[in-house]
Protein chains: 2
Amino acid sequence: MAATIRDVAQASGVHVSTVSRTFSAPHLVNPETRNRVLAVAEDLGYRPNRAARALTTGRTHNLGLIVADISNPFFPPLIKAAQAHARTRDYHVFVADTDEDPQVEEELIKALAKQVDGVLLCSPRLSNRAIERLHADVPFVVVNREVKGMPTVLMDIGQGARLAIEHLAGLGHLRVALVSGPSGSWTSKRMREAAAAVDGVDLVFLGPNTPTEQGGLAAAAEVAASGATGVLAYNDLVAMGLIEGLHERGVQVPGDVSVVGVDDIVAGRLNRPKLTTVAMPTAAAGRMAVDLLLQSVAEGGTATLATLATGLVVRESTGPAPEPAAS
Amino acid sequence: MAATIRDVAQASGVHVSTVSRTFSAPHLVNPETRNRVLAVAEDLGYRPNRAARALTTGRTHNLGLIVADISNPFFPPLIKAAQAHARTRDYHVFVADTDEDPQVEEELIKALAKQVDGVLLCSPRLSNRAIERLHADVPFVVVNREVKGMPTVLMDIGQGARLAIEHLAGLGHLRVALVSGPSGSWTSKRMREAAAAVDGVDLVFLGPNTPTEQGGLAAAAEVAASGATGVLAYNDLVAMGLIEGLHERGVQVPGDVSVVGVDDIVAGRLNRPKLTTVAMPTAAAGRMAVDLLLQSVAEGGTATLATLATGLVVRESTGPAPEPAAS
DNA sequence: ATGTTTCACGCAACCGGTTGCAAGCCCCCA
DNA sequence: TGGGGGCTTGCAACCGGTTGCGTGAAACAT
């Protein structure tokens, strides 16, 4: 159906290798010939078949991006930044969603392996072992988690968590709950560690939870029962669900309980009360991840670790700790 | 690096064609041989290279899904459903985001064309002409827009708009504003037509707007000035931005103005007030689109049109029209 | 006039699979 | 015992490109 390199060769009276070079090494072909070939190619609507090219060159000029849950508003900015950035490097990014299922994640990686030059693993749910094993098939860059020996882009959630806890402490909250995400989450662990390093606050660890509003909603009872007046949630979605759940129980935010989220998703800005949250440099992370990946594709495994700074955005979901009930 | 079919052939003492058949036509090879080959393949970690296979078969077993803006929470459920459904058919789905840019959209389609068997175009921004032209390169299914001669999945937004307007009319709103989306949007047009068909309400058309909270926020002034007490917004994001903007102006929702969104995104359920909205069957649309696409890939262009019903979900952002000010 | 470069291009093998054709084998039946 | 048919497997061409090598011609130096 579509024109192939041989059609173009025949129509312009040259050998296929000349057509090939016209596109992949133009300086090797006489300008006159080149223009003729280009004209014919244009005329026939010929475009080199990237897949076929990849077969011999080993370069597909595609990148894969694997994400646990596209619905999580944390990812789209990262995805968009990665795609836009990759495009400037003449690469395309294919996104796949694993539905939080490690099995699916592995299957997708294998399927992608031969069709892309490298894969961006965003918050992977796979075990380190599995990741290292699969790494033999295709270069990786891991985002939002540390896997030894692998190029990694981290957002300094520890710093963010510390800022958040200090913010709460500064408002007089003496007892703060950490509502964590999925069990074994690398992020949750870092948050706990960082929070524990802040002096003068009493920490309660709650969870694990699904990292969605549902999870937050479900955690509301626990939080209410914990006696904490400040909460650092796993992410904004959990925070929003939690606020909703607390509200249903008649607990006021920020009057009775202050809540801090993580991610700074757009919806948090529209929430009522507007969410105080740890802002993640997602777009920068997406670009950085692409850079690292292309670098590691080109040069072979350089296991750089990039850590991006986070910041605290104070809005309306946090306020002074309530007076201790004088009962 | 990775094992090829020839490695497996050599290691198991058979010809490559036998290995090939072991995977793609198992019934043609002796069970004994087959098991030996499978064992060796397993041992070497061999997996057929899908791209190479595609070269001869013309089937990549991949689908492309192109979307204007992944950040729009309307799409993720559709994407997830499409991916999950495709997986059951042994297909993989690659998602790409065009950033609302027709240029990028076209480029992505061309890039994907040779690497997938078909493309799902979700709310494309390209002109009908361009779509028809590109259709020569790769089968399409269009979602959320009508392009003649192409398999299409539609959600009956007209019906939804009618339900919404009737709901508002039933609450006593006599003057209703339609806050539309991007200029030339197919969806906006359908909504206008359907709304116009409802008797007894006075319609005001506002817009165009970006289909995001920003757009809604920006439209607040216009809405406040329009004298409408009911609003049907282009989508939930716009509705939420609008509510936020009205709130900033001291206009109460639903006290002073009732707002209906479209899409039924998750965030709308967490909004305060919870959004009354037209629920779109996004997951069903994703599955249906995959089915149509695979069908058209297998059988050649059958230009089916599937229209999926929508429904109205009444929550808290709509209420009785206020008493006319007795000034 | 001869020798040496340089340039442009063709030849053919190769990437990793698939597939139509045919050959070898065994079995069955007449 | 010979012929027909079914199974299993190998052979080789092919999909759409790329690329190392070699050749012929033109350009330049000697």
Side-chain angles (χ1 to χ4, degrees), chain A residues 1-38 40-41 44-62 90 110-117 137-138, chain B residues 1-38 40-41 44-62 90 110-117 137-138:
Chain A
M1 186 99 272
T4 76
I5 199 175
R6 288 166 225 271
D7 299 330
V8 177
Q10 186 154 19
S12 46
V14 297
H15 194 262
V16 292
S17 55
T18 302
V19 179
S20 173
R21 279 189 275 260
T22 300
F23 288 94
S24 48
H27 60 281
L28 289 181
V29 27
N30 185 309
E32 200 174 317
T33 317
R34 192 199 309 156
N35 289 333
R36 186 155 39 91
V37 171
L38 286 176
V40 173
L44 266 52
Y46 167 74
R47 296 183 53 109
N49 180 325
R50 283 176 167 239
R53 172 181 295 181
L55 207 48
T56 53
T57 62
R59 290 272 168 279
T60 61
H61 268 247
N62 292 142
D90 195 23
K110 284 181 178 164
L112 241 52
K114 294 290 179 14
Q115 317 195 38
V116 302
D117 296 342
D137 292 352
V138 56
Chain B
M1 186 97 277
T4 75
I5 200 173
R6 287 165 227 271
D7 299 330
V8 177
Q10 186 155 20
S12 45
V14 298
H15 194 261
V16 294
S17 55
T18 302
V19 179
S20 173
R21 282 189 274 257
T22 299
F23 287 94
S24 50
H27 60 281
L28 288 181
V29 27
N30 184 308
E32 201 174 317
T33 317
R34 191 199 309 155
N35 289 332
R36 186 154 40 90
V37 170
L38 286 175
V40 171
L44 268 50
Y46 168 76
R47 295 182 55 108
N49 181 325
R50 282 175 168 243
R53 172 180 296 180
L55 208 48
T56 53
T57 60
R59 289 272 170 278
T60 62
H61 268 248
N62 293 143
D90 194 24
K110 284 180 178 166
L112 263 114
K114 294 286 177 22
Q115 320 197 35
V116 302
D117 296 342
D137 292 352
V138 56

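Letters go in sequence order (proteins before strands), and every chain restarts at 1.
- His27(A) places its NE2 atom 12 Å from the C1' atom of dT19(D), with the value rounded to the nearest Å.
- One atom, CG of Leu28(B), and another, P of dT8(D), lie 8 Å apart when rounded to the nearest Å.
- Across the interface with DNA chain C, nearest-nucleotide mapping of Tyr46(B) and Arg34(A) shows Arg34(A) to be the residue nearer the 5′ end.
- When rounded to the nearest whole Å, the span between CZ of Arg53(A) and P of dG16(C) equals 18 Å.
- Here Thr33(A) reaches the OP1 or OP2 of dC9(C): one of its side-chain N or O atoms lies under 4.0 Å away.
- Nucleic acid contact for Arg50(B): none, since no nucleic acid atom lies under 4.0 Å from a heavy atom of the residue.
- The shortest distance between the side-chain N/O atoms of Ser20(A) and the OP1/OP2 oxygens of dT18(D) is below 4.0 Å.
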For side chain to side chain contact (heavy atoms under 4.5 Å, CB included), just list the numbers for Val37(A) and Val8(A), CA-CA rounded to whole Å, side-chain angles, deciding distance to a tenth of an Å, and then say yes or no.
CA-CA 7 Å; Val37(A) 171; Val8(A) 177; 4.1 Å; yes
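- Rounded to an integer number of Å, the gap from Phe23(A) CZ to dG17(D) P is 9 Å.
- Of the listed nucleotides (dG10(C), dT9(D), dG17(D)), dG17(D) has the atom at the smallest distance from the side chain of Pro48(A).
- At whole-Å resolution of the value, CG in Asn49(B) and C1' in dC15(D) are 13 Å apart.
- In summary, Asp117(A) and Arg50(A) do not engage in a salt bridge, as defined by a charged side-chain N under 4.0 Å from a carboxylate O.
- Atom pair Leu55(A):CG and dC14(D):P shows a separation of 17 Å (rounding to whole Å applied).
- In this structure, Val14(A) reaches the sugar-phosphate backbone alone: every heavy-atom distance under 4.0 Å involves primed, P, OP1 or OP2 atoms, never a base.
- The residue among Arg6(A) and Val29(A) whose nearest nucleotide of DNA chain C is located toward the 5' end is Val29(A).
- Results of the side-chain hydrogen bond (donor to acceptor under 3.5 Å, both in side chains) test with Gln115(A) over Thr60(B), Asn49(B), Asn62(B) single out Asn62(B) as the only residue that passes.
- Backbone-only contact: Thr57(A) has heavy atoms under 4.0 Å from sugar-phosphate atoms and none from a base.
- Nearest to the side chain of Ile5(A), among dG20(D), dG17(C), dT18(D), sits dT18(D).
- One N or O on the side chain of Thr57(B) and one on the backbone of Arg53(B) form a donor-acceptor pair closer than 3.5 Å.
- Across dC14(D), dT18(D), dG17(D), the shortest atom-to-atom separation from the side chain of Thr4(A) is found for dG17(D).
- The listed nucleotides are dT18(D), dG16(C), dA8(C); the one nearest the side chain of Pro31(A) is dA8(C).
- Not one N or O on the side chain of Arg21(A) forms a donor-acceptor pair closer than 3.5 Å with the backbone of Val29(A).
- Thr18(A) has a side-chain polar atom (N or O) that falls below the 4.0 Å cut-off from OP1 or OP2 of dG10(C).
- Residue Ala52(A) has its side chain nearest to dG16(D) when only dT8(D), dT19(C), dG16(D) are considered.
- One interatomic measurement links the two molecules: CG of Asp7(B) to C1' of dG16(C), which rounds to 10 Å at whole-angstrom precision.
- Rounded to a whole Å, the NE2 atom of His15(B) is 14 Å from the C1' atom of dT8(D).
- The side chain of Arg21(B) lies closest to dG10(D) when the candidates are dG10(D), dG16(D), dG17(C).
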For a side chain to side chain contact (heavy atoms under 4.5 Å, CB included) check, start with the C-alpha distance between Val138(B) and Leu112(B), then their side-chain angles and the critical distance, and finish with the verdict.
CA-CA 9 Å; Val138(B) 56; Leu112(B) 263 114; over 6 Å; no
